[in-house]
Student: 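Below is one structure. I have some questions about it.
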Amino acid sequence: MTQPWEPDILGEGFEQQTLNLDGGAVATVVRYLGDDGQGLDTGAPWLDTAEAPGIDADVLYVHGWSDYFFQRHVAEFWHRAGARFYALDLHNYGRSLSPGMVPGFVTNLADYDADIAAALSAMGRSGVPGQGIPGQDRPLILLGHSTGGLTLSLWAARHPGMASALILNSPWLEFQATELGRRAIAPLVGLHARLHPLAPLPPVDPGIYTRTVSATLDGEWDYNLEWRPDRGFPVTPAFLDAVFRGQATVAAGLGIDVPVLVLLSDKSYLQPKWSADALTADVALNVDAVAHRSLSLADTVTVSRLPNAFHDIFLSPEPIRREAFARIGRWVPTALQPSDAAEWEARTAGL
């Protein structure tokens with residue numbers, strides 16, 4: 001049964017719908033309807049609030065590991081550009097997480113296909129290309145962060161003809177210790193995944209990432225600490241095995257049939273102790289390894305490095321966010337090749 005749209009925790013203009021999946025699991029899709037031109041207090045004052053036609057596209061955002069959608073200013077950007085913005089909290093994450101569930105648990109990233117299919121249905125889109133239902137002719141732009149970027153890359157490769165463009169925000173396409181390290185430990189991780197799938201592995205983040213982004217520390221963002229804990233959810237062999245198998249698939253070449261934009265910081269900080277260097281780097285990924293692996297996604301891939309950006313590009317300091325939005329604004333018309341590309345560029349110039 002389709003659930004109704006209800007007010008979302010993000011406030012004015014945001015609504016959510018619960019998506020019932022097989023086995024009693026649920027996912028949650030969030031949509032942004034705008035705020036009648038009043039603007040959001042998002043820390044993004046560069047966004048143009050003028051009324052003007054823009055790109056008639058649907059955008060679907062998928063979050064990363066130990067995360068959920070709370071980036072109001074990202075929704076605002078796409079809305080101001082004329083697109084319909086939706087975000088998906090996958091099952092066992094965020095709005096979809098209930099007591100008794102294992103946060104983030106998954107054994108295969110393809111298990112999220114059901115979440116994505118349900119979200120597309122809620123967006124008024126068919127799961128079959130060219131079926132002709134209302135909304136199917138609008139371009140679909142996929143926007144994924146970190147593990148969500150890996151998940152959407154694999155999904156796009158398995159579902160040719162569904163998307164029109166893929167934008168990846170620091171996607172976890174390769175292991176921090178590079179391909180050789182992943183291949184060396186993947187068999188052991190796979191064995192543990194079969195024998196002890198839920199056994200917690202050593203923590204991977206001592207809280208450095210939280211310190212860079214949380215308004216309670218050195219960052220500027222407020223969010224639900226139960227849905228995005230200080231040190232992240234406990235990493236399990238099942239989850240890591242699913243990621244490793246996904247990364248191996250990417251390394252073999254995906255052949256995605258749409259243009260891909262990969263946004264990355266220009267450097268990494270992967271040390272286990274705090275340093276001010278963490279405030280000017282990606283503290284989760286080996287960005288050089290990911291930049292190299294990005295070329296395995298598709299024939300047409302644009303890798304865009306942003307100096308001093310955080311792991312989540314859109315949680316970086318304001319000048320970096322502004323530059324990221326500007327680069328997206330320049331890239332989208334070329335990727336979609338719409339008849340109104342000039343209007344898109346005019347709307348997003350200087351964001």
Side-chain angles (χ1 to χ4, degrees), residues 57-65 67 74 88 90 106 108-113 115-117 120 129 139-183 186 240-266 268 282 284-306 309 311-314 324 327-337:
D58 292 333
V59 176
L60 178 61
Y61 171 94
V62 175
H63 58 82
W65 165 251
D67 206 353
V74 174
L88 178 60
L90 300 167
V106 71
N108 190 320
L109 297 182
D111 291 349
Y112 295 130
D113 283 13
D115 305 52
I116 296 170
L120 292 175
L140 173 63
I141 301 172
L142 300 174
L143 174 59
H145 170 55
S146 198
T147 312
L150 174 61
T151 298
L152 284 180
S153 297
L154 297 167
W155 184 90
R158 291 194 301 269
H159 297 81
M162 291 290 293
S164 300
L166 176 63
I167 301 176
L168 303 177
N169 168 13
S170 302
W172 194 15
L173 302 180
E174 188 53 271
F175 184 45
Q176 287 84 334
T178 73
E179 180 180 4
L180 290 177
R182 170 175 52 79
R183 293 175 66 180
L240 192 57
D241 179 60
V243 168
F244 278 180
R245 285 185 283 121
Q247 291 173 342
T249 301
V250 174
L254 289 187
I256 294 172
D257 64 344
V258 299
V260 181
L261 172 64
V262 179
L263 300 170
L264 289 168
S265 181
D266 64 331
S268 300
D282 187 319
L285 300 183
N286 179 334
V287 292
D288 291 336
V290 172
H292 174 74
R293 181 59 63 226
S294 297
L295 303 182
S296 300
L297 294 172
D299 291 338
T300 304
V301 179
T302 301
V303 178
S304 188
R305 308 286 290 268
L306 291 115
H311 176 51
D312 187 336
I313 301 294
F314 303 123
R327 293 187 188 188
I328 292 173
R330 292 191 293 267
W331 181 83
V332 166
T334 302
L336 299 184
Q337 298 181 342

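Below, each value reflects all heavy atoms present in this structure, side chains not excepted, and no hydrogens, waters or symmetry copies. Please read all numbers here as calculations on a predicted model, not as lab measurements.
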Student: Using a 4.5 Å cut-off on heavy atoms from C-beta on, say whether the side chain of L90 contacts that of V106.
Tutor: no

Student: Report the C-alpha separation of L254 and S153 in whole Å, then their side-chain angles, then the decisive distance to 0.1 Å, and conclude whether the side-chain contact (heavy atoms from CB on, under 4.5 Å) test is met.
Tutor: CA-CA 8 Å; L254 289 187; S153 297; 4.0 Å; yes

Student: Can you establish whether the number of heavy atoms outside R183 located under 6.0 Å from its atom CZ is more than 12?
Tutor: no

Student: Can you name the closest pair of heavy atoms from L297 and V301 and give their distance?
Tutor: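 Reported closest heavy-atom pair: CB-CG2, 4.3 Å.
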
Student: Would I141 and L336 count as a side-chain contact (heavy atoms from CB on, under 4.5 Å) if you check the C-alpha gap in whole Å, the side-chain angles of each, and the deciding distance to 0.1 Å?
Tutor: CA-CA 9 Å; I141 301 172; L336 299 184; 4.0 Å; yes

Student: For D113 and W155, indicate whether the former's side chain and the latter's backbone hold a donor-acceptor pair under 3.5 Å.
Tutor: no

Student: Which of these, T334, L166, T300, D299, sits in a side-chain contact (heavy atoms from CB on, under 4.5 Å) with P259?
Tutor: T300

Student: Going from CZ on R158 to CD1 on I256, what distance comes out if it is rounded to the nearest 0.5 angstrom?
Tutor: 10.5 Å

Student: Is there a donor-acceptor pair under 3.5 Å between the side chain of S170 and the backbone N or O of H311?
Tutor: yes

Student: So, taking the atom named NE2 in H63 and the one named CG in L88, what distance separates them when rounded to the nearest 0.5 Å?
Tutor: 6.0 Å

Student: Between D115 and V62, is a side-chain contact (heavy atoms from CB on, under 4.5 Å) present by the stated rule, with each step listed?
Tutor: CA-CA 10 Å; D115 305 52; V62 175; over 6 Å; no

Student: So which heavy atom on S265 is nearest to which on A309, and how close?
Tutor: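 Nearest heavy atoms, S265 then A309: OG-O, 2.9 Å.
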
Student: Taking the side chain as everything from C-beta on, heavy atoms only, tell me whether F314 gets closer than 4.5 Å to L263.
Tutor: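 Answer yes - side chains close enough.
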
Student: For A156 versus L142, what's the shortest heavy-atom pair and its separation?
Tutor: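 It is CB-CD1, 4.3 Å.
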
Student: Report yes if the side chains of P171 and V262 come closer than 4.5 Å at any heavy-atom pair, otherwise no.
Tutor: yes

Student: Do T302 side-chain atoms and L261 backbone N/O form a donor-acceptor pair below 3.5 Å?
Tutor: no

Student: Tell me whether H145 contacts the main-chain N or O of Y61 through its side chain, where contact means a donor paired with an acceptor under 3.5 Å.
Tutor: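 No, because the side chain of H145 does not come within donor-acceptor range (under 3.5 Å) of the backbone of Y61.
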
Student: Rounded to the nearest 0.5 Å, how far does CZ of R305 lie from CG of D288?
Tutor: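 Taking CG in D288 and CZ in R305, the distance rounds to 5.0 Å.
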
Student: When you measure from the side chain of S268 to the backbone of V287, do you find a donor-acceptor pair of N or O atoms at a distance under 3.5 Å?
Tutor: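 Flag set: sc S268 to bb V287 pair under 3.5 Å.
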
Student: At what distance, to the nearest 0.5 angstrom, does CD1 of I116 lie from CG of L60?
Tutor: 7.0 Å

Student: Tell me the closest heavy-atom pair linking S294 and L173, and the distance in Å.
Tutor: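 Scanning both residues, the minimum pair turns out to be OG-CD1, 3.7 Å.
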
Student: Please evaluate residues V332 and I328 with respect to the criterion side-chain contact (heavy atoms from CB on, under 4.5 Å), reporting the C-alpha separation (whole Å), side-chain torsions for both, the decisive distance (0.1 Å), and the verdict.
Tutor: CA-CA 6 Å; V332 166; I328 292 173; 3.8 Å; yes

Student: Verify, without hydrogens or angle tests, whether Q176 (side chain) and A284 (backbone) share a donor-acceptor contact under 3.5 angstrom.
Tutor: yes

Student: Rounded to the nearest 0.5 Å, what separates atom CG in L109 from atom CG in D241?
Tutor: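 Answer for the CG-CG pair, L109 versus D241, is 9.5 Å.
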
Student: Can you measure from CG (L285) to CZ (R293) and round to the nearest 0.5 angstrom?
Tutor: 13.5 Å

Student: If you look at every heavy atom in V260 and A298, which pair is closest and at what distance?
Tutor: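 Closest approach of V260 to A298: CG2-CB, 4.0 Å.
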
Student: Got a donor-acceptor contact below 3.5 angstrom from the N169 side chain to the I313 backbone?
Tutor: yes

Student: Would a 4.5 Å heavy-atom cut-off, applied to side chains only, mark W331 and I167 as touching?
Tutor: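 Touching, per the 4.5 Å side-chain cut-off.
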
Student: Mark yes or no for whether T147, through its side chain, and G64, through its backbone, hold a donor-acceptor pair below 3.5 Å.
Tutor: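 Absent.
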
